[in-house]
Amino acid sequence: MDIFFSGSIRGGRDDVDLYADLIDLLERHGTVLTEHVGTEDVEEKEAEAGLTDGDIHDQDVAWLRQADAVVAEVTTPSLGVGYEVGRAVAWEKPVLCLYRPDAEHELSAMIRGNDAVELVEYQRPDDVGDALEAFLTSYQ
Ligand SMILES: O=c1[nH]c(=O)n([C@H]2C[C@H](O)[C@@H](COP(=O)(O)O)O2)cc1CO
């Protein structure tokens with residue numbers, strides 16, 4: 001199955017190592033279309049490849065359209081992550097959001113209040129393996 005992983009880039013990169021760990025877990029269940037989100041130097045690589053913001057947007061929306069399921073780490077607030085979740089919901093894709101409640105920012109009501117989004121609160125990647133498996137296998 002094709003999985004779209006969504007995580008903050010310009011919203012802040014404090015959690016990049018955590019994103020890489022989550023992507024490793026997701027790769028046990030399918031192909032992660034957005035592995036770059038867990039890469040330390042993603043923006044440098046995109047710039048080297050000559051990608052404009054328009055290219056990045058269009059490629060990501062195409063991957064999102066292709067995805068069978070979307071997993072978003074929403075602890076670091078990000079406009080791009082919110083946009084991707086919103087579009088995935090509009091396309092009626094299965095969406096799982098992961099949130100660490102000890103975080104500085106309270107989770108948006110647009111996520112917590114959304115019945116079309118499954119929400120899992122956790123502390124460490126090791127804690128979400130079972131929840132990811134249950135979510136992904138139910139849509140395989
Ligand atoms: O360079 C990028 N590459 C990219 O793939 N994105 C996508 C994937 C992420 O899930 C999301 C992050 O959005 P933001 O940069 O607003 O935090 O947007 C976002 C950017 C920068 O906005």
Side-chain angles (χ1 to χ4, degrees):
M1 85 187 302
D2 289 331
I3 304 164
F4 187 102
F5 177 78
S6 179
S8 172
I9 295 181
R10 295 192 189 162
R13 293 297 273 164
D14 286 355
D15 289 338
V16 63
D17 294 340
L18 172 78
Y19 301 158
D21 290 345
L22 292 170
I23 288 167
D24 283 346
L25 285 174
L26 291 171
E27 279 172 338
R28 296 179 192 170
H29 302 282
T31 303
V32 177
L33 302 171
T34 52
E35 266 191 316
H36 64 285
V37 174
T39 305
E40 201 75 62
D41 54 354
V42 55
E43 290 203 272
E44 288 89 324
K45 290 233 174 80
E46 288 169 342
E48 275 167 31
L51 297 181
T52 64
D53 280 4
D55 297 330
I56 293 167
H57 171 273
D58 293 351
Q59 175 66 85
D60 272 41
V61 170
W63 278 325
L64 192 59
R65 194 74 183 101
Q66 178 186 335
D68 301 301
V70 176
V71 175
E73 217 296 349
V74 295
T75 308
T76 297
S78 149
L79 282 173
V81 173
Y83 172 81
E84 289 160 357
V85 168
R87 292 208 67 173
V89 167
W91 280 327
E92 300 183 355
K93 306 258 178 197
V95 182
L96 176 73
C97 286
L98 301 171
Y99 175 69
R100 302 195 314 288
D102 293 344
E104 184 186 343
H105 299 276
E106 186 47 53
L107 183 58
S108 170
M110 297 299 108
I111 302 294
R112 198 190 288 287
N114 190 335
D115 289 341
V117 168
E118 205 169 306
L119 178 66
V120 171
E121 298 195 349
Y122 74 113
Q123 303 293 340
R124 289 170 303 279
D126 289 348
D127 303 337
V128 289
D130 289 350
L132 288 179
E133 180 164 357
F135 171 71
L136 293 170
T137 52
S138 66
Y139 293 106
Q140 252 161 1

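Sequence positions, counted from 1, serve as the residue numbers for this chain. Both ligands and their constituent atoms are indexed starting at 1 by order of listing.
Within the 4.0 Å heavy-atom cutoff, T34 does not count among the residues contacting ligand 1. Using a 4.0 angstrom heavy-atom cutoff, Q59 does not count as in contact with ligand 1. Judged by the shortest distance from any of its heavy atoms, D60 lies inside the 4.0 Å radius around the atoms of ligand 1.
Those atoms of ligand 1 with a heavy atom of G11 less than 4.0 angstrom away are 17 (O). Which parts of ligand 1 touch S78 is read off a 4.0 Å heavy-atom cut-off, strictly below it: atoms 12 (C), 13 (O), 14 (P), 16 (O), 17 (O). The contact set between ligand 1 and H36, taken as ligand atoms under 4.0 Å from a residue heavy atom, comprises 4 (C), 5 (O). Residue-ligand proximity, S6 to ligand 1, at heavy-atom distances under 4.0 Å covers atoms 10 (O). In the vicinity of S8, heavy-atom distances shorter than 4.0 Å reach the ligand 1 atoms 17 (O).
Environment of CE in M110: sparse, with no more than 12 heavy atoms of neighbouring residues, nucleotides or ligands closer than 6.0 Å.
In summary, of the residues considered (W63, F4, F5), a ring pair (Phe, Tyr, Trp, His ring centres under 6.0 Å) with H36 occurs for W63 alone.
Scanning the protein for heavy atoms near atom 11 (C) of ligand 1, the closest one is E84 OE2, 3.4 Å.
Counting heavy atoms closer than 4.0 Å to ligand 1, residue I9 contributes atoms from both its backbone and its side chain.
Polar contact check, G80 against ligand 1: a nitrogen or oxygen pair lies under 3.5 Å apart.
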